[in-house]
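Treat the numbers as computed from the prediction; the structure is a model and nothing was measured. Whatever order the structure lists ligands and atoms in, that order sets their numbers, starting from 1.
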Amino acid sequence: MAGTTRQFDFLVLGSGIAGLTFALKVAPRGRVAIVTKKSRADSNTNWAQGGIAAVTSREDSIEMHVRDTLTAGAGLCREEVVRTIIAEGPERIQELMELGTKFSERELPDGNGKELDLTKEGGHSKRRVLHAKDATGAEIERALLDAIAREPNITVLENHFAVDLITTQKLGYVGPNRCLGIYVLNKASGQVETFAAPVIVLATGGCGKVYLYTTNPDIATGDGVAMAYRAGAQVANMEFMQFHPTCLFHPKERTLLITEAVRGEGGYLLGTDGQRFMPRYDSRAELAPRDIVARAIDSEMKRTGADNVWLDITHQPARFTISHFPTIYERLLRLGVDMTKEPIPVVPAAHYQCGGVVTDVNGVTDIAGLYAVGEVAHTGLHGANRLASNSLLEALVCAHRAARRVLENPSPQPEVNIPPWQSGRAHHADELVVVSHNWDEIRRLMWDYVGIVRTNKRLQRAKARIALLQEEIQQYYWDFTVTSDLLELRNIATVAELIVNCALLRPESRGLHYNLDYPQPDPAWAQRDTVVRKSG
Ligand code: SIN
């Protein structure tokens, strides 16, 4: 209802693993609203194929997982954060299983029962990735949503789009900034409603849609990072956008991820000549960390002029491939590709945002009352390149820790009168083409100028163009009533600006950020984050 304020104890934005885990843990102590811009199952989590990395095997150790994470992170991880998250992983995984998540199992070699079937991905020295065949995220999401449905204290508000955070600073109060609530567009009524709570959690995922080609669902428009930045929070390391090496290259299907587990189970990358090229780039070949594999593919495509490379697992028995990757096998078959008989055409695509809203390992941001958990947050776990399957782990552990933090430190709703949303003289937009044109232009320019390989000139060109587009979007925002398309456009423009600004701040190449003008890492930048904060 426009005009009235809806009061909750906890407001959670986003319905993936981070938001749902947090909500479940705090629900016994207060009323929770989960605000989600589409349906409850529309989350990045639901699309995760490969799995969740954690130490559950006797042949593995916390130390080895820590070492692999630090190596992939190329010198930029925060080691204490890495140790905390990895050490707490096994306990959180146990809870997920007790909640009903079913991970794939295999027969024990002696035939006496079953054990978790662990797979391997790039950068992992051991098999440690728990999975539910090739649809791990969907299985986790199912179990969490089932648990949410049993919780009377949780209200899930679908088709509700968070417009902006409401903070004391925005309302003109002096003193430390505090988050008070959010303005939310109810997509059914078209009205912007006011929600208040002493605890607000961003669990909105990442921003893959800022690039033309991505493995992410349409919802991944960086809403949380953009809102937090507008509210004055610190944002860091946005230059580290992870490109997944193997997204299907097909005219009818542009976002189908081919999980890294295909390479983990023996898949080879082949060039146009049908030969493996990864051994020329790295001794770990197809299982080198993602930044190395994605750059190698980019370089092969540029060298040969090919539109794609090939992922070949035809040397494995068909029964093995179909039982490990049933979802991918079926989806490819519908597109006319039989992965048991022919190589799969693949290209790198934007996949994961390693930077984000600056938090500690408990999700605490620098705005009181505001927390961020999961892909939206920057804890320091991923450094300059995320180790595969560490993201669901981070979301799970940090959501638990954030819940514990807020329950141990309860704070009442500040006594501040929140004004209702003002739409001024805004009227309905007459030319929606402006929104779709600007949306396409941002995604194309980010792909062309701010992709896998960057230069200062391309970054400057992108910066200038994004500034112009932002002026236009801002004008449109004030003149017309808000719609979810316009809000997403405003958010991807903000996130594009942040990626470019962070990239320009880093005078070196490290992990996922590769700039031809500074092709080497600079030791002076090894533990330095590129931190940006909105001025004024
Ligand atoms: C994959 O299945 O390859 C994706 C896993 C991840 O991004 O962590």
Visitor: Measure from the ring center of His315 to the ring center of Tyr268 and say whether it is less than 6.0 Å.
Guide: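 Judged by ring-centre distance (under 6.0 Å), His315 and Tyr268 do meet the cut-off.
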Visitor: Strictly below 4.0 Å, N to O, side chains only: are Arg92 and Glu95 in salt-bridge contact?
Guide: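 Result for this pair is yes, salt bridge flagged.
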Visitor: Within 45 degrees of the ring normal and closer than 6.0 Å to the centroid, is that where the cationic atom of Arg528 sits relative to Trp525?
Guide: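 Yes, Arg528 and Trp525 form such a contact.
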Visitor: So if I apply the side chain to side chain contact (heavy atoms under 4.5 Å, CB included) rule between Thr45 and each of Leu392, Thr136, Leu144, which one comes out positive?
Guide: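 Running side chain to side chain contact (heavy atoms under 4.5 Å, CB included) over Leu392, Thr136, Leu144 with Thr45 returns exactly one hit, Leu392.
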Visitor: Select all protein residues for which some heavy-atom-to-ligand 1 distance is less than 4.0 Å, and list them by chain and number.
Guide: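 Residues Gln49, Gly50, Glu121, His244, Leu257, Thr259, Glu260, Arg290, His351, Arg386, Ala388, Ser389 each place a heavy atom under 4.0 Å from ligand 1, listed by chain and number.
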Visitor: Looking only at the side chains, is there a donor atom on one of Thr255 and Glu253 sitting less than 3.5 Å from an acceptor on the other?
Guide: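 A donor-acceptor contact under 3.5 Å links the two side chains.
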Visitor: With the threshold set at 4.0 Å, does a side-chain nitrogen-carboxylate oxygen contact exist between Glu300 and Arg280?
Guide: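 Looking at Glu300 and Arg280, the cut-off is met.
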